[in-house]
2 protein chains.
Amino acid sequence: MTMNVRTLCLGFLSTGEASGYEIKKGIEDGMFSHFIDASFGSIYPALTQLTAEGLLTVRAEEQTGKPDKKVYAITENGRKALARAISVLPAKDKFKSEFLFQMLLHQFITPDVMLAAIDKQLNDLRQDLARIAECRCSEQPHAGARFVADYGEAVLTASVRCLEEKRRELVRQTAAQAAE
Amino acid sequence: MTMNVRTLCLGFLSTGEASGYEIKKGIEDGMFSHFIDASFGSIYPALTQLTAEGLLTVRAEEQTGKPDKKVYAITENGRKALARAISVLPAKDKFKSEFLFQMLLHQFITPDVMLAAIDKQLNDLRQDLARIAECRCSEQPHAGARFVADYGEAVLTASVRCLEEKRRELVRQTAAQAAE
DNA sequence: TTGACACTATATCAGTTCGATATATATCGG
DNA sequence: CCGATATATATCGAACTGATATAGTGTCAA
């Protein structure tokens with residue numbers, strides 16, 4: 001699967017036309033955000049390239065009260081390229097966590113730093129859960145959206161539960177050591 | 001948190017000396033693998049740089065039956081730099097999944113491609129679970145290792161359960177449509 | 001015995017992506 | 001009127017991946 005920013009843009013635009021800015025925001029806030037991210041520095045060049053290849057069309061749109069924008073739309077060739085790119089066995093998921101790195105090397109940090117990290121992590125996870133719930137309400141829930149929402153919710157809920165237990169354990173231990 | 005390959009190497013070497021090759025293998029097979037990855041192309045330059053800065057020491061070791069290797073060990077300054085790097089609030093977790101991208105855009109793929117993708121994903125998840133169980137047995141389980149193992153196991157188990165249900169649902173639907 | 005393959009080991013490099021920054025326009029609150 | 005925030009596009013250095021090169025050693029079947 002050729003999973004790069006190009007394919008991501010094609011995927012996003014398969015649901016409707018949008019500008020580079022709107023793609024970035026849409027990826028951050030919508031269903032894509034659970035498992036993908038992309039920066040302006042990769043989106044804008046990708047859109048220019050895809051347009052040059054005839055997989056997208058551009059249209060300059062003047063706006064009142066906002067800067068003008070370039071609205072991109074997917075072409076028939078673009079849809080074919082998208083279908084081709086995602087009809088391959090997917091690569092393995094990639095997960096990067098500074099938090100777990102910190103937890104594994106906990107002997108190098110103080111208990112209060114550790115507790116702060118856990119609380120931050122719990123907060124991040126709960127925000128993600130809230131965003132999924134929001135997507136469920138706002139977007140029309142076709143089968144694909146329901147799939148990724150259910151999957152994301154299952155994973156995040158399990159993470160929160162595990163972390164809450166770990167947190168209780170840590171507080172208990174710290175209190176016990178302070179009592180000595 | 002300055003979480004880059006440099007910090008990763010310092011973290012790995014905090015548990016004992018190793019060569020660049022051993023670091024790569026250790027990251028792939030051990031506890032680090034659940035939440036981090038790094039390539040030779042980033043590890044080797046990082047080790048050279050860290051050594052030049054006095055955070056590591058090198059020692060050439062001749063081997064019989066294998067090519068010679070450069071064994072790196074962390075210095076006192078290296079431990080300090082590591083402690084400094086991980087005593088900061090961690091950045092948010094990053095999760096990339098081609099699989100979920102495919103599932104979100106399921107209308108562009110055929111049911112058999114979808115089923116193959118789900119089976120591959122289930123297989124990947126189960127392999128990860130097996131690796132965690134293996135780490136639990138082989139490595140001496142200090143608190144940090146138990147933390148990341150429990151966390152990883154909770155997340156992966158939830159993923160597998162969710163996916164198994166989704167798979168059953170899909171098979172049921174496909175059979176129903178074929179019967180029409 | 002030789003050729004294919006796999007493992008150990010280090011190194012480099014093109015291509016991709018991130019994160020920061022620059023630039024511009026417009027709205028809104030103080 | 002100033003500063004903050006939002007919309008919008010673009011660029012660029014730094015970091016990282018994935019592929020490739022190089023080289024020594026072991027194994028195993030044809």
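So that the names make sense, note that chain A is the first sequence line, chain B the second, and so on, each numbered from 1.
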Among C/dC18, D/dA6, C/dA9, which nucleotide has an atom closest to any side-chain atom of B/Lys69? C/dA9

Can you list the steps and then say if B/Glu62 with B/Lys69 is a salt bridge (charged side-chain N to carboxylate O under 4.0 Å, His left out)? CA-CA 7 Å; B/Glu62 290 178 26; B/Lys69 64 181 175 181; over 6 Å; no

May I ask you to say what A/Gly41 touches in the nucleic acid, namely base, sugar-phosphate or nothing, with a heavy-atom cut-off under 4.0 Å? base

Within the side chain of B/Lys94, is there an N or O that forms a donor-acceptor pair under 3.5 Å with the backbone of A/Phe95? no

In this structure, how many angstroms lie between the C1' atom of C/dG19 and the CD1 atom of A/Ile43, rounded? 13 Å

Rounded to whole Å, please give me the gap between NZ in A/Lys24 and C1' in D/dT11. 16 Å

Have a look at B/Lys96 and say if it touches a base, only the backbone sugar-phosphate, or nothing, with a 4.0 Å heavy-atom cut-off. sugar-phosphate

Position toward the 5' end of DNA chain C (nearest nucleotide), B/Tyr72 or A/Val5: B/Tyr72

May I have the step-by-step check of side-chain hydrogen bond (donor to acceptor under 3.5 Å, both in side chains) for B/Ser14 and B/Arg79, ending in yes or no? CA-CA 7 Å; B/Ser14 76; B/Arg79 282 185 192 277; 5.1 Å; no

Closer than 3.5 angstrom, by distance alone: can the side chain of A/Gln173 be matched with the main-chain N or O of A/Leu170 as a donor-acceptor pair? no

Across the strands shown, which category fits B/Lys70 at heavy-atom distances under 4.0 angstrom: base, sugar-phosphate, nothing? sugar-phosphate

Rounded to whole angstrom units, what separation is found between the CG atom of A/Leu8 and the C1' atom of C/dC18? 14 Å

Let me know, please, whether A/Arg6 or B/Ser19 comes out on the 5' side of the other along DNA chain C by nearest nucleotide. B/Ser19

Which is more 5' along DNA chain D, the nucleotide nearest B/Ala38 or the one nearest A/Pro45? Just name the residue. A/Pro45

Would you please classify the geometry between the A/Phe35 ring and the B/Phe101 ring as parallel, tilted or perpendicular, with 30° and 60° separating the classes? perpendicular

Checking A/Asn77 against A/Glu53: is there a side-chain donor and acceptor pair closer than 3.5 Å? no

Counting any heavy atom closer than 4.0 Å, what does B/Lys94 reach on the DNA or RNA strands: base, sugar-phosphate only, or nothing? sugar-phosphate

Check this one for me: any side-chain N or O of B/Tyr21 less than 4.0 Å away from OP1 or OP2 of C/dT10? no

Provide, to the nearest angstrom, the distance between the CD atom belonging to B/Glu62 and the P atom belonging to D/dA23. 19 Å

Between D/dT25 atom C1' and B/Asp68 atom CG, what is the distance in whole Å? 12 Å

Would you mind telling me which of D/dT17, D/dT9, C/dT10 lies closest to the side-chain atoms of B/Tyr44? C/dT10

Where the side chain of A/Asn4 is defined as all heavy atoms beyond and including C-beta, which of D/dT9, C/dG19, C/dT16 is the nearest nucleotide? C/dT16

How close or far is atom C1' of C/dA9 from atom CG of B/Leu47, stated in whole angstroms? 13 Å

Compare side-chain N and O positions of A/Gln63 against OP1 and OP2 of D/dA8 and report whether any pair is under 4.0 Å apart. yes

Within the 3.5 Å criterion, strictly below it, is a donor on B/Tyr151 or A/Gln121 matched to an acceptor on the partner's side chain? yes

B/Ser42 side-chain N/O to D/dC16 phosphate OP1/OP2 under 4.0 Å: no

In this structure, how many angstroms lie between the P atom of C/dG19 and the CD atom of A/Glu98, rounded? 10 Å

Rounded to 10 degrees, the angle between the two terminal axes of the helix from C/dT1-D/dA30 to C/dG30-D/dC1, each from five pairs: 20°

Of the nucleotides C/dT10, D/dT17, D/dA10, which has the atom closest to the B/Ser39 side chain? D/dT17

Within the side chain of B/Gln63, is there an N or O that forms a donor-acceptor pair under 3.5 Å with the backbone of B/Asp68? no

Grab the CZ-P distance between A/Arg59 and D/dA8 for me, whole Å please. 13 Å

